[in-house]
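Note sheet for the following structure.
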Amino acid sequence: MQHYLNIKDAGDLETCVSEAIALKQHPVKFKTLGQGKTICLLFFNNSLRTRLSTQKAAINLGMDVIVMNFGSEGWQLEYEDGVVMDQGKSEHIKEAAQVVSQYADIVAIRAFAGLVDKEKDEADMVLNGFKQHAAIPVVNMESSVGHPLQALADAITLAENKTIEKPKVVLSWAPHPKALPHAVANSFVHMMNLQDAEFVITHPKGYELDPKITEGCEIINDQKKALENADFVYVKNWSSYTDYGKVLSQDKNWMMTQGKLGNAKFMHCLPVRRNVVVEDAVLESDQSLVIEQANNRTYSAQIILKKLLETL
Ligand code: CP
């Protein structure tokens, strides 16, 4: 693996999940692998889980960690070629990526979608800028279009909790007061397309995800019908893709409740707004897997960093 930008970069998903579960049993078994190696984590946006779990994963592998809140503390970066940089942006990605490459052996980046310009977001300028100009492996800690470390953690959680070979997994849209990116939902769909499962997506009309990503997926707009006989329900808000970045509806009827969940397990990447996205009773029930999903973020990051370290 040269970079980890998309879940497909991890190779065979089932093997990768098994390796991550084995690491979870013996987290410091490869403590010498990362000795003398440094990972640099660059955050253009806020984080709790990604920041701490990726640091923990690197520490488990014996690496040193440098963290920078680039969004608030770094120079504003220019990404376009040939620009006269006489406005607000002080540094070009070409220099920044090469400079970071001298301080670290792996760079991991979080840079969300702006949700204003679809074309710009889909170009994933920050992540791809580092991929193009850095001399070291790049890890996606959530970009404009994907969150593959989250999707790998979700795959680990599904594998640990499924009781039948081919479970029914439903990805259900939920209301939210703010416009949120599509990255988590996109990567969850990518990951589910690599699983042996009955996979259904449900959302109100107008909340279709990128049709290139959901091609071939079963989509049911009736949430009640979609949830019938579900084994796992993954709840997530995303803003409109067609009417790009807009909040079209905050319909409370789409909030996940104990009644709708039935006997299914509940999943969410966190952070989650209680009693907006999901009611308290669900989060506080034994059916909620959200804390275990967050725990598995360490092992999804650790298996990816291990694979990258093995190539250095
Ligand atoms: N799920 C997730 O990526 O959490 P953070 O935004 O807190 O990192």
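Atoms within a ligand are numbered from 1 in the order they appear, just like the ligands themselves.
- When only modelled atom types and interatomic distance are considered, Y244 and D121 share a side-chain donor-acceptor pair under 3.5 Å.
- Here K168 does not pair with E228 in a salt bridge; the nearest charged N to carboxylate O distance is not below 4.0 Å.
- Note on residues 16-71: pairs passing ring-ring contact (aromatic ring centres under 6.0 Å, His included), not counting sequence neighbours, are F44-F70.
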Write 'none' if nothing qualifies; otherwise put on separate lines each N/O atom of ligand 1 with a protein N/O atom under 3.5 Å away and their distance to 0.1 Å.
| from | atom 1 | to | atom 2 | distance (Å) |
| --- | --- | --- | --- | --- |
| ligand 1 | 1 (N) | Q150 | OE1 | 3.0 |
| ligand 1 | 1 (N) | C269 | O | 3.0 |
| ligand 1 | 1 (N) | L270 | O | 2.9 |
| ligand 1 | 3 (O) | T50 | OG1 | 3.0 |
| ligand 1 | 3 (O) | R110 | NH2 | 3.0 |
| ligand 1 | 3 (O) | H147 | NE2 | 2.8 |
| ligand 1 | 3 (O) | R297 | NH1 | 3.1 |
| ligand 1 | 4 (O) | R49 | NE | 2.9 |
| ligand 1 | 4 (O) | L270 | O | 3.4 |
| ligand 1 | 6 (O) | R110 | NH1 | 2.8 |
| ligand 1 | 7 (O) | L48 | N | 2.7 |
| ligand 1 | 7 (O) | R49 | N | 3.0 |
| ligand 1 | 7 (O) | R49 | NE | 3.2 |
| ligand 1 | 7 (O) | R49 | NH2 | 3.0 |
| ligand 1 | 8 (O) | S47 | OG | 2.7 |
| ligand 1 | 8 (O) | T50 | N | 2.9 |
| ligand 1 | 8 (O) | T50 | OG1 | 2.6 |
| ligand 1 | 8 (O) | R110 | NH1 | 3.3 |
| ligand 1 | 8 (O) | R110 | NH2 | 3.3 |

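- Open room surrounds CD on E165; 12 or fewer heavy atoms of other groups in view lie less than 6.0 Å from it.
- Salt bridge status for K306 with E310: present, with a side-chain N to carboxylate O gap under 4.0 Å.
- Cluster annotation: V138 and V145 are assigned to distinct hydrophobic clusters (Ile/Leu/Val/Met/Phe/Trp/Tyr, side-chain heavy-atom contacts under 4.5 Å, transitive).
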